[in-house]
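One structure below.
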Amino acid sequence: MTNSHGLLLRLLDGGKLPSLTSLAPLHALLTTSSLIHHPILLGKLLLAACDRSLPYAERLFLSSPRPPDAFMYNTLMRAFSESHSPERSFLYFNHLLRQGPTFPVDSFSLAFAAKAAANLRCLWSGFQVHCQAVTRGLYAHLFVGTTLVSMYGECREVGLAWKVFDEMPIRNAVSWNAIINGCFRCGHIELALGLFRDMPSKDSTSYNVLLAGYMKEGDLEQAKVVFHEMPSKDDVSWSTMITGFTQNGCFGEALGFFRDMLLAGARLTEESLTGILSACADVGNFELGRVLHGLLEKRGLTRITSVNNALLDTYSKCGDMGMAQLVFKRMYEMRNLVSWSTMIAGLSMQGHCEEAIKHFEEMQKSGIYPDGITFISVLYACSHSGFVKDGNRYFSEMMDKHGIEPAIEHYGCMVDLYSRAGELNKAYDFISRMPIPPTSVIWRTLLGACSFHGDVKLAEKVKERLSEIDPENSGDHVLLSNTYAVAEKWKDVAAVRRSMVDQKIKKIPGWSMIEVDKTMYHFVAGENLNEIAEEAYEKLSEITSRLRIEAGYVPEVDKTVLHDIEEEEKEDSVMRHSEKLAVAFGIARLHRGSNVRVVKNLRICRDCHTFMKMVSRVYAMEVVVRDRSRFHTFRQGSCSCRDYW
DNA sequence: GTAGGGTTAG
């Protein structure tokens, strides 16, 4: 090999080329010097291009100065199998097969094609690869076999995974890990545990597979035991724990493990960061989210799509759409379907429904097609802004244009769409015609609307359905009782309350949370007094007086409160709502100029909504309340939901 | 000159 070859190979092999900008001159140099015809240099150039820009790599492949060899096919297939469009691997796999029987289809091609099928979760493509492996006599190849086991596991075909594994003449720890993981994914826990016990040699991945298996099962205790007892922990062990706790809704434990990870000197990876950010999004922990944002900027993790997406979601679930927009803007061409869907969901929850739909249209123009999850947000946007016609159109388009089978959540959105618009009978008909059995959530949505509109007759009918499916749910009794209250049928209200007492069904207590100086304060209506609650009550009464004078505030007596107590007491009951206490506490303790952010477990009530609007005007501050269903941003006397919620 | 298994976002 000549000197210039050696130099160029070293350049290409270095892997230190920071970007495409330094690859293009190299490409130009190879072309002008005709060295581009050298198969190894060309192959290396393609490999380097795959790591930087897949479109560039694909153009290079298609305009290749010499017919692509097996190496080039394999390189491109590998890159696509791990990309956002693994199906393109098959485009080139099929090219490869059409080259004729003498053209080499080797173990690499088969492994990459199997990997693409695994990532697509496409069993039929997987079968094709499996057949090719048999035809080409590479069925017994260790790497091909292992990838096939893993592919069948991903496709939830544990029987086939086992068949391949069982017939492998040689196995190693990697193949054992693949079959154990497949068993866990398919819910064969005992089998997985037995295999783990019996496997001849375990490496750290084996333990990580076990950790993830326990986490998926929700067996957090066993996961912790394994974690503490495993011989050595790596980055994946830590991120498995963090995301495991997050996915099981245990924010505190996730945060604890995240801290321990940093203290133990383990590397901060995109996976652990994504996991902990997602935990912040779940609980609405804005301050920690901001700290993590700072951390990821400092560590240069801003170029990773999943991290940015988790950050987007954190800002949007903490009510800071401004920051979410900023992050989204910076993402440019990194944006994928999840980024767009997160923005659409965030905007919908904030009540910026037109904006959400604009994003939806823009996403499609940029060549990204929606999936079922995107449509949940789009339908949500329509229902929360009263766009019944648009909602109907998108629902049809989802099925006809995009071929997406509606899931229960989509039916839920449609019921919500009709219900909010007051078309209760339409909603009932829609439920009756659903091709899948309606769940309690579906009926509850309609019952909520009945209560809002005081439709007693329909409410009784719906409650009957609910009693069949989910008789213990306290919320349903409350909703029925509220319906009677709105219709002023006090005897029926009392009867429902009595039956709740008889059946020992308790109301879910409402709570609200607010963060002040890095501490989360928790308020529950009517809970025993402590110092914090006293401080909140004191401030609340001061705020209420000011609102009465400056804004003409009169507590709107909640019709849902029992009718037989005195008017004054009813007022008192409304004045104890946890979100008011949290906001009052925030005003008392937060620095001037900061906004108040509250997270509540139930839906905000009408009186609290009016109260917050007035606070935002009289105190000239922004108040953000994230309730069970959406965000309310109160600014200068009005709310982002435009009173439609 | 390329590989296989484990953790990540809506």
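Scope of the values below: all heavy atoms of this structure, side chains included, with no hydrogens, waters or symmetry mates. Treat the numbers as computed from the prediction; the structure is a model and nothing was measured. Quick note on labels: first sequence line is chain A, next is B, and so on, each numbered from 1.
Listed nucleotides: B:dG4, B:dG1, B:dT8. Nearest to the side chain of A:K44: B:dG1. Considering only side-chain atoms of A:E154, the nucleotide from B:dT8, B:dT7, B:dG6 that sits closest is B:dG6. The side chain of A:I40 lies closest to B:dG1, out of B:dG1, B:dT7, B:dT8. Comparing B:dA3, B:dG10, B:dG6 by their nearest atom to the side chain of A:I373 picks out B:dG10. When distances run from any side-chain atom of A:D371 to the nucleotides B:dG10, B:dG4, B:dA3, the shortest one goes to B:dG10. If you check B:dG4, B:dG6, B:dT7 against the side chain of A:V174, the one that comes closest is B:dG4.
Nearest heavy-atom pair across A:S383 and A:C413 is CB-O, 4.1 Å.
We find that OH of A:Y92 is positioned 22 Å from P of B:dT2, with the value rounded to whole Å. Atoms CG (A:D106) and C1' (B:dT2) sit 9 Å apart, rounded to a whole Å. Protein atom CE of A:M230 is 15 Å distant from nucleotide atom P of B:dG6, rounded to whole Å. Nucleotide B:dT7 holds its P atom 10 Å from the CD atom of A:E271, rounded to whole Å. Computed from coordinates, the A:L277 CG to B:dT7 C1' distance equals 15 Å when rounded to whole Å. Distance CG (A:D313) to C1' (B:dT8): 13 Å, rounded to an integer number of Å. What separates CD1 of A:I242 from P of B:dG6 is a distance of 19 Å, to the nearest Å. If you take CZ of A:R267 and C1' of B:dT8, they are 13 Å apart, rounded to a whole angstrom.
Base engagement by A:L142 is indicated by at least one non-hydrogen atom pair under 4.0 Å involving a base atom. Within the nucleic acid shown, A:F112 comes within 4.0 Å of at least one base atom, counting heavy atoms only. Within the 4.0 angstrom heavy-atom criterion, no nucleotide atom of any strand lies near A:G275. Note on A:T274: a base of the nucleic acid sits closer than 4.0 angstrom, heavy atoms only. Residue contacts shown for A:D203 include a base, since a base heavy atom lies under 4.0 Å away.
Base-pairing analysis of DNA chain B finds no stem of at least three consecutive Watson-Crick or G-U pairs with both pairing distances under 3.5 Å.
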Report the C-alpha separation of A:E221 and A:K224 in whole Å, then their side-chain angles, then the decisive distance to 0.1 Å, and conclude whether the salt bridge (Lys or Arg N to Asp or Glu O under 4.0 Å) test is met.
-> CA-CA 5 Å; A:E221 288 310 312; A:K224 275 195 278 191; 3.5 Å; yes

Could you walk me through whether A:F258 and A:F251 pass ring pair (Phe, Tyr, Trp, His ring centres under 6.0 Å), step by step?
-> CA-CA 10 Å; A:F258 185 73; A:F251 173 75; over 10 Å; no

A:Y73 and A:F61: ring pair (Phe, Tyr, Trp, His ring centres under 6.0 Å), yes or no, with the steps?
-> CA-CA 8 Å; A:Y73 272 104; A:F61 181 93; 5.1 Å; yes

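For the pair A:R335 and B:dA9, the criterion of a side-chain N or O lying under 4.0 Å from OP1 or OP2 is not met. For A:R78 and B:dT2, the shortest distance from a side-chain N or O to OP1 or OP2 is not below 4.0 Å. Regarding contacts with the backbone of B:dT8, a side-chain N or O of A:Q247 is found under 4.0 angstrom from either OP1 or OP2. OP1 or OP2 of B:dG6 lies within a sub-4.0 Å distance of a side-chain N or O belonging to A:N181.
A salt bridge does not link A:K365 with A:E362: none of the charged nitrogens is closer than 4.0 Å to a carboxylate oxygen.
In this structure, A:F71 forms an aromatic stack with the base of B:dG1, since both conditions hold: centre separation below 5.5 Å and plane angle below 30°. Judged by ring centres under 5.5 Å apart and planes tilted less than 30 degrees, A:F143 fails to stack against the six-membered base ring of B:dA3.
Counting atom types as modelled, A:S107 pairs a side-chain N or O with a base atom of B:dA3 as donor and acceptor under 3.5 Å. For a distance-only test at 3.5 Å, the side chain of A:S341 qualifies as a donor-acceptor partner of the base of B:dG10. Under 3.5 Å, the side chain of A:N336 and the base of B:dA9 form at least one donor-acceptor pair of N or O atoms. Under 3.5 Å, the side chain of A:T374 and the base of B:dG10 form at least one donor-acceptor pair of N or O atoms.
Counting heavy atoms from C-beta on, the side chains of A:L41 and A:I36 never come closer than 4.5 Å.
A cation-pi arrangement, defined by a distance under 6.0 Å to the six-membered ring centre and an angle within 45 degrees of its axis, is present between A:R171 and A:F165. Both tests pass for A:K233 against the ring of A:F227: distance under 6.0 Å to the centre and angle within 45° of the axis.
A perpendicular orientation is assigned to the rings of A:F90 and A:F93, their planes being inclined by more than 60° (bins at 30° and 60°).
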